[in-house]
Chemist: 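The structure under discussion is supplied below as structure tokens; questions concerning it will follow.
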Amino acid sequence: MIKVKVLNYNFDRNEPTFRPLTFVRDMLYADYSIELTTSDDFDYMFVGMSDFLDKKKSLNDSVEWGLENLNKVTEGGDYFLFDGSDSTSLMGAYEVFEQSNAIYLFKNQLLSREEYKKPTSFNKWFFDNGSGLDLGYDIPKEKWNRIKLSGYNLGYLLPQYRNFQPINKNKNIDVCAIYQAEHKYNEDHLVRNDLHYTNHRKGAWNILDSKFDARKDKLPYQEYIQTLYNSKVAISPFGMGELCFRDFECMQFGTIIIKPSMSMINTIPNIYESNDTYLSVMYDWSNLNETIDYVLSNFDTLNERINHNIREKFINEYTYEKLCLYYYNLFSKLDDIGEE
């Protein structure tokens, strides 16, 4: 039996960071001999982002605080760091990881090692640069081998995504483009980040051809869901991260997703296959209208195929058994860390 203490699992951002693991707690214990505990009798500790990362501080102050707090809470034991933030960005987490004694740093999604070398705003590749906090990381191979996927992402957070609704074959709205386009003033590490978010999301609205019957105005949730259900396609822009809850709402209610390409994103599970489970477009939306035209012109075929494919992939990949096995395999290979 391996005992894992999940530190402060209900605290702030730690709660969504560790939520999928709480769903499989009993299965991990019964079938894989991994006990998640809050007691001080443990073999390893899982430390969530709220215990080593504070985006309300400057980056340097956050790193200093994170390292100091880790020394207090881990007391020299073996531990793993979990950065459950929304994007592939390593900002703030990598700096702590490289100076700490953490065994692994876990992320819900990652880029390739080479992509991290390019400085971008807040280390978010889709935010371009020029923010005043442009970050890139030339990560040594030994460190890179100890940055791991968490084995889960947004698709695990809300069990209702598994409640698929019948595919509507009589949709009467072209495009559902209902989402928050303008972010209120926001900072990461004392540097403003909301403008990048707003530019991208409003950009889709600005380029969207008026010939389409498109809905943009915010609605009460049930009206929004009904509109989504009656729409042939839905635009799902990036937000502060690449994956969005809207992606899984579209899957649940049978609406074809049009989204900036996810080809650079490595995540487990991964349901994103362009032209198979969703339709990819350029980040700048330059081919958005022609992609919508393509879907509308081939709707009867694509409506059935795309929605079937994404649901089938979700059912096959988002299983509690696979999540448990992921951590069983991870613990079984800990002795081989130096050989990776």
Side-chain angles (χ1 to χ4, degrees), residues 49 82-94 97 104-131 133-141 143-157 179 188 193 196-201 203-204 207 233-248 250-251 256-288 290-291 306 309-310 313-314 317-318 326:
M49 60 187 296
F82 281 73
D83 174 8
S85 53
D86 293 336
S87 75
T88 50
S89 171
L90 294 173
M91 178 183 66
Y94 180 73
F97 171 64
Y104 291 148
L105 168 64
F106 286 99
K107 289 282 297 180
N108 291 350
Q109 49 260 357
L110 287 165
L111 302 175
S112 71
R113 180 181 168 210
E114 288 299 311
E115 287 296 330
Y116 281 110
K117 294 180 181 180
K118 305 172 185 177
T120 53
S121 298
F122 310 98
N123 193 228
K124 295 183 179 182
W125 65 273
F126 52 92
F127 272 6
D128 298 320
N129 46 39
S131 66
L133 190 57
D134 290 3
L135 300 168
Y137 300 100
D138 189 359
I139 304 172
K141 187 174 181 181
K143 290 289 185 186
W144 179 251
N145 288 339
R146 294 195 290 119
I147 300 176
K148 301 290 186 181
L149 291 171
S150 66
Y152 53 81
N153 51 46
L154 286 180
Y156 271 113
L157 290 191
Y179 52 80
D188 274 347
N193 69 351
H196 299 273
Y197 172 104
T198 298
N199 288 342
H200 170 61
R201 291 165 80 92
I207 205 169
V233 301
I235 299 173
S236 186
F238 292 168
M240 290 299 179
E242 299 93 339
L243 276 70
C244 297
F245 287 114
R246 185 172 298 98
D247 301 348
F248 299 95
C250 290
M251 175 194 67
I256 295 171
I257 304 165
I258 292 182
K259 185 175 182 68
S261 176
M262 295 287 286
S263 61
M264 293 173 59
I265 312 304
N266 186 16
T267 188
I268 299 174
N270 189 343
I271 59 172
Y272 298 95
E273 294 185 13
S274 184
N275 299 316
D276 189 55
T277 61
Y278 81 111
L279 275 296
S280 65
V281 294
M282 301 295 291
Y283 179 73
D284 65 2
W285 305 112
S286 56
N287 62 337
L288 174 63
E290 65 184 79
T291 302
I306 297 292
N309 289 347
I310 195 170
K313 195 164 185 66
F314 182 89
E317 298 299 326
Y318 281 84
Y326 183 84

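Counting begins at 1 with the first residue of the sequence.
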Chemist: Go through L279 and I306 one step at a time and tell me if the side chain to side chain contact (heavy atoms under 4.5 Å, CB included) criterion holds.
Modeler: CA-CA 9 Å; L279 275 296; I306 297 292; 4.2 Å; yes
Chemist: How many angstroms lie between atom CD1 of I147 and atom CZ of R113, to the nearest 0.5 angstrom?
Modeler: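 So the CD1 of I147 and the CZ of R113 are separated by 10.0 Å.
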Chemist: Rounded at 0.5 Å granularity, tell me how far CD in E242 sits from OG in S89.
Modeler: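 One finds 9.0 Å between CD of E242 and OG of S89.
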Chemist: Mind running side chain to side chain contact (heavy atoms under 4.5 Å, CB included) on T88 and Y116 for me, showing each step along the way?
Modeler: CA-CA 9 Å; T88 50; Y116 281 110; 3.7 Å; yes
Chemist: When you look at K118 and N129, which way does the side chain to side chain contact (heavy atoms under 4.5 Å, CB included) test go after all the steps?
Modeler: CA-CA 10 Å; K118 305 172 185 177; N129 46 39; over 6 Å; no
Chemist: Rounded to the nearest 0.5 Å, what separates atom CG in D128 from atom OG1 in T120?
Modeler: 8.5 Å
Chemist: When you look at D188 and M240, which way does the side chain to side chain contact (heavy atoms under 4.5 Å, CB included) test go after all the steps?
Modeler: CA-CA 11 Å; D188 274 347; M240 290 299 179; 5.6 Å; no
Chemist: Closest heavy-atom contact between I139 and W144?
Modeler: CG2-N, 3.6 Å
Chemist: Assess the residue pair N123 and Y94 against the criterion (side chain to side chain donor-acceptor pair (under 3.5 Å)); give the C-alpha distance rounded to whole Å, side-chain angles, the decisive distance to 0.1 Å, and a yes or no.
Modeler: CA-CA 11 Å; N123 193 228; Y94 180 73; over 6 Å; no
Chemist: Under the side chain to side chain donor-acceptor pair (under 3.5 Å) rule, what do T267 and K107 come out as? Steps first, then yes or no, please.
Modeler: CA-CA 9 Å; T267 188; K107 289 282 297 180; over 6 Å; no
Chemist: Strictly distance-based, threshold 3.5 Å: is any side-chain N or O of H196 a donor or acceptor partner for the main-chain N or O of S121?
Modeler: no
Chemist: Measuring from Y326:OH to Y152:OH, what's the distance to the nearest 0.5 Å?
Modeler: 10.0 Å
Chemist: Between I271 and F248, what is the shortest heavy-atom contact and its length?
Modeler: CD1-CE2, 3.7 Å
Chemist: Just verifying a value: how many Å separate Y137 OH and F97 CZ, rounded to the nearest 0.5 Å?
Modeler: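 So the gap between those two atoms works out to 13.0 Å.
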Chemist: So which atom in R246 and which in S236 form the shortest heavy-atom distance, rounded to 0.1 Å?
Modeler: CB-OG, 3.8 Å
Chemist: Only one of F126, W285, F127 passes ring pair (Phe, Tyr, Trp, His ring centres under 6.0 Å) with H200; say which it is.
Modeler: W285
Chemist: In chain order, what residues pass the ring pair (Phe, Tyr, Trp, His ring centres under 6.0 Å) check against F245, with sequence neighbours excluded?
Modeler: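 For F245 there are no ring pair (Phe, Tyr, Trp, His ring centres under 6.0 Å) partners, ignoring immediate neighbours.
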Chemist: CD1 of I257 to OG of S280: how many Å apart, nearest 0.5 Å?
Modeler: 12.0 Å
Chemist: Decide whether a cation-pi geometry holds between K148 and Y104; the criteria are a distance under 6.0 Å from NZ or CZ to the six-membered ring centre and an angle within 45° of the ring axis.
Modeler: yes
Chemist: Which of these, I265, L90, I268, sits in a side-chain contact (heavy atoms from CB on, under 4.5 Å) with L110?
Modeler: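 The passing option is L90.
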Chemist: Return the minimal non-hydrogen interatomic distance between M49 and S85, and the atom names on each side.
Modeler: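 The pair with the smallest heavy-atom distance is SD-N, 3.5 Å.
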Chemist: What are the two closest heavy atoms between G241 and S87, and how far apart are they?
Modeler: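 Of all heavy-atom pairs spanning G241 and S87, the closest is CA-CB, 3.7 Å.
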Chemist: Answer with yes or no whether the side chains of Y272 and D247 bring together a donor and an acceptor at under 3.5 Å.
Modeler: yes
Chemist: Could you report the tightest heavy-atom contact between S131 and F122, atom names first, then the distance?
Modeler: CB-CE1, 3.8 Å
Chemist: Under 3.5 Å, is there a donor-acceptor pair between the side chain of D86 and the main chain of L243?
Modeler: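 No, D86 side chain to L243 backbone: no donor-acceptor pair under 3.5 Å.
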Chemist: Quick one: do the N309 and T277 side chains pair a donor with an acceptor below 3.5 Å?
Modeler: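 Absent: no donor and acceptor within the cut-off.
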Chemist: How about M251 and Y278: do any of their side-chain heavy atoms sit closer than 4.5 Å?
Modeler: no
